[in-house]
Amino acid sequence: MIEVAAAVIQRPDGAFLLAQRPAGKVYAGYWEFPGGKVEPGEPADQALARELHEELGIDIGPAYPWITRVFTYPHGTVRLQFFKVFAWKNQPHPREDQAIAWQDLGAPMAAPMLPANAPVLASLALPTEYAITNAGQYGIADMRARVERRLQQGLKLIQVREPDLADDERTLFTRQVLGLAHRHGCRVLVKAPFPGADGVHFTASQLMNLKERPEGMTAASCHTREELEHAMQLELDFVVLGPLKEKSTADKSPALGWERFRDLAAFSSIPIYAIGGLAKSDLEDAWRAGAHGLAMIRAAWS
């Protein structure tokens with residue numbers, strides 16, 4: 001296994017840096033996320049800082065662990081540990097005769113992409129906030145108004161989760177949220193297949209009964225490493241892992257805390273959202289623990 005650390009170097013506007021492999025290297029001319037090989041006994045984040053200084057002349061700030069992908073090339077099997085980097089000193093510039101380019105997810109992608117890096121782009125496109133509705137608490141009219149306000153502020157991913165509503169109320173509310181969200185380019189997941197929804201979010205018990213990945217966007221709730229590994233095997237789009245700080249009365253799972261969350265999330269091949277009593281101020285702690293972002297109920301709408 002060849003250990004490699006790779007960086008998603010991302011600007012505030014969302015653009016990220018790609019580098020083209022120079023002539024003389026395997027897959028010369030292919031584009032990839034910058035980084036390099038981890039030496040035996042070397043921490044991956046330190047290897048990344050060293051490689052980025054050597055390749056791009058930058059000194060990075062915190063490198064937040066993200067996802068890990070294993071890919072088999074003709075020359076060997078590579079385990080790519082991806083980190084997100086939001087702060088650095090100096091302007092990135094090529095120091096090894098490679099081309100570099102800032103890339104926007106909404107623009108045509110640099111090509112050809114290194115095979116191991118291409119699947120990462122879909123995960124990178126996920127927003128850092130996953131908002132979960134709670135019309136049972138706020139009331140349908142109030143919840144709808146809160147959804148519309150957050151959509152106007154740029155919210156891009158919602159789960160309609162309304163166990164306390166009657167079936168006809170839930171159906172009507174779901175239709176209303178779908179209409180609002182899609183006008184703002186926001187994707188909506190539901191708890192069971194629903195016409196027009198972008199996908200389904202499964203419970204942990206439903207996840208463990210899945211034998212193959214369903215069509216459409218697919219996510220699940222996880223509380224254990226076993227559940228997370230099953231979601232990884234199915235290659236779901238993402239999971240929600242928790243509860244982190246607090247749990248609902250219906251949830252019998254113990255609160256994880258950041259240390260346990262970090263242990264469970266380590267080397268996950270799919271993005272993980274932390275959930276459970278979290279607010280937007282917890283985002284950096286979540287990044288440090290390996291989360292992609294936050295899934296929130298109360299804090300998403302307050």
Side-chain angles (χ1 to χ4, degrees), residues 8 43-45 62-70 79 81-84 86 123-124 126-134 136-137 157-164 189 191 199-210 217-302:
V8 179
D45 57 342
Y64 301 107
W66 184 40
I67 61 176
T68 299
R69 304 285 300 190
V70 176
R79 178 160 60 187
Q81 295 184 53
F82 287 90
F83 293 81
K84 286 192 172 184
F86 301 109
S123 296
L124 185 59
L126 290 170
T128 57
E129 181 182 355
Y130 182 32
I132 302 168
T133 66
N134 193 7
Q137 175 183 340
L157 188 61
I158 294 176
Q159 179 196 149
V160 175
R161 179 189 177 277
E162 297 298 343
D164 296 329
L189 273 65
K191 301 301 290 183
V200 176
H201 184 114
F202 293 96
T203 65
S205 58
Q206 291 171 333
L207 164 67
M208 297 308 288
N209 289 323
L210 288 177
M217 194 175 194
T218 310
S221 296
C222 294
H223 313 292
T224 67
R225 183 67 191 184
E226 180 185 12
E227 292 162 355
L228 178 55
E229 287 178 350
H230 190 58
M232 290 162 54
Q233 184 180 11
L234 294 171
E235 296 190 337
L236 302 192
D237 290 287
F238 65 89
V239 298
V240 167
L241 179 62
L244 203 294
K245 293 184 178 180
E246 64 182 43
K247 54 187 179 177
S248 67
T249 54
D251 189 353
K252 296 180 172 55
S253 303
L256 294 177
W258 286 122
E259 185 175 352
R260 179 62 178 152
F261 182 97
R262 185 182 298 107
D263 291 341
L264 291 174
F267 299 108
S268 173
S269 61
I270 57 178
I272 299 174
Y273 288 86
I275 192 171
L278 302 175
K280 294 175 184 178
S281 58
D282 292 303
L283 182 57
E284 187 161 358
D285 285 337
W287 282 341
R288 289 194 192 101
H292 177 83
L294 303 175
M296 297 179 291
I297 303 176
R298 289 194 308 271
W301 313 113
S302 61

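Few gaps surround CD on E229; more than 12 heavy atoms of other groups in view lie less than 6.0 Å from it.
Taking CG from L241 and CD1 from I275, the interatomic distance works out to 10.0 Å, rounded to the nearest 0.5 Å. Between K280 atom NZ and L278 atom CG the span is 13.0 Å, to the nearest 0.5 Å. Here M208 contributes atom CE and E226 contributes atom CD; the two are 4.0 Å apart, rounded to the nearest 0.5 Å. Expressed to the nearest 0.5 Å, how far CD of Q233 lies from CG of L210 amounts to 11.0 Å. Put simply, CG on L236 and SG on C222 are 7.5 Å apart, with the number rounded to the nearest 0.5 Å. Here the CG atom belonging to L126 is positioned 5.0 Å from the CE atom belonging to M217, to the nearest 0.5 angstrom.
Within the 4.5 Å cutoff, the side chain of K245 has no heavy atoms near those of the P243 side chain. Put simply, the side chain of H292 does not reach to within 4.5 Å of the side chain of F238, judged on heavy atoms. Between Y130 and V240 the shortest side-chain heavy-atom distance falls below 4.5 Å.
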**Message:** Walk me through whether M296 and I132 qualify under side-chain contact (heavy atoms from CB on, under 4.5 Å).
**Reply:** CA-CA 6 Å; M296 297 179 291; I132 302 168; over 6 Å; no
**Message:** Could you go through L244 and F261, starting from their C-alpha distance and side-chain angles, then the distance that decides it, and tell me whether this counts as side-chain contact (heavy atoms from CB on, under 4.5 Å)?
**Reply:** CA-CA 7 Å; L244 203 294; F261 182 97; 3.6 Å; yes
**Request:** May I have the step-by-step check of side-chain contact (heavy atoms from CB on, under 4.5 Å) for L124 and V8, ending in yes or no?
**Result:** CA-CA 9 Å; L124 185 59; V8 179; 3.6 Å; yes
**Message:** Could you walk me through whether L228 and V239 satisfy the side-chain contact (heavy atoms from CB on, under 4.5 Å) test, starting with their C-alpha distance in whole Å, then the side-chain angles of each, then the deciding distance to 0.1 Å, before giving a yes or no?
**Reply:** CA-CA 8 Å; L228 178 55; V239 298; 3.7 Å; yes
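When only modelled atom types and interatomic distance are considered, H201 and S221 share a side-chain donor-acceptor pair under 3.5 Å. Side-chain polar atoms of T133 and E162 form a donor-acceptor pair below 3.5 angstrom.
Shown are W258, F86, W66; of these, the ring pair (Phe, Tyr, Trp, His ring centres under 6.0 Å) with W287 is made only by F86.
The side-chain hydrogen bond (donor to acceptor under 3.5 Å, both in side chains) test applied to Q206 returns T203, not counting sequence neighbours. With sequence neighbours excluded, the residues forming a side-chain hydrogen bond (donor to acceptor under 3.5 Å, both in side chains) with R298 are E246, listed by chain and number. With sequence neighbours left out, the side-chain hydrogen bond (donor to acceptor under 3.5 Å, both in side chains) criterion links E129 to R150. Listed by chain and residue number, N134 satisfy the side-chain hydrogen bond (donor to acceptor under 3.5 Å, both in side chains) test with Q137 (two or more places apart in sequence, or in another chain). For W301, there are no ring-ring contact (aromatic ring centres under 6.0 Å, His included) partners at least two apart in sequence or on another chain.
Across every non-hydrogen atom of K191 and V160, the tightest pair is CG-O, 3.7 Å. Shortest non-hydrogen contact noted between Q159 and R161 is OE1-CB, 3.2 Å. Across all non-hydrogen atoms, the minimal contact from G293 to A286 is O-CB, 4.5 Å.
Side-chain atoms of D45 do not come within 3.5 Å of backbone N or O of A63 as any donor-acceptor pair. Side chain of E235 to backbone of M232: no donor-acceptor contact under 3.5 angstrom is found. With H230 contributing its side chain and L207 its backbone, the two residues share a donor-acceptor pair below 3.5 Å. Between the side chain of D282 and the backbone N or O of A279, at least one donor-acceptor pair lies under 3.5 Å.
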Would you mind writing out the side-chain donor-acceptor pairs for residues 263-273 within the sub-3.5 Å range, not counting sequence neighbours?
residue	atom	partner	partner atom	Å
S268	OG	I270	N	3.3
S268	OG	I270	O	2.8
Y273	OH	P127	O	2.5

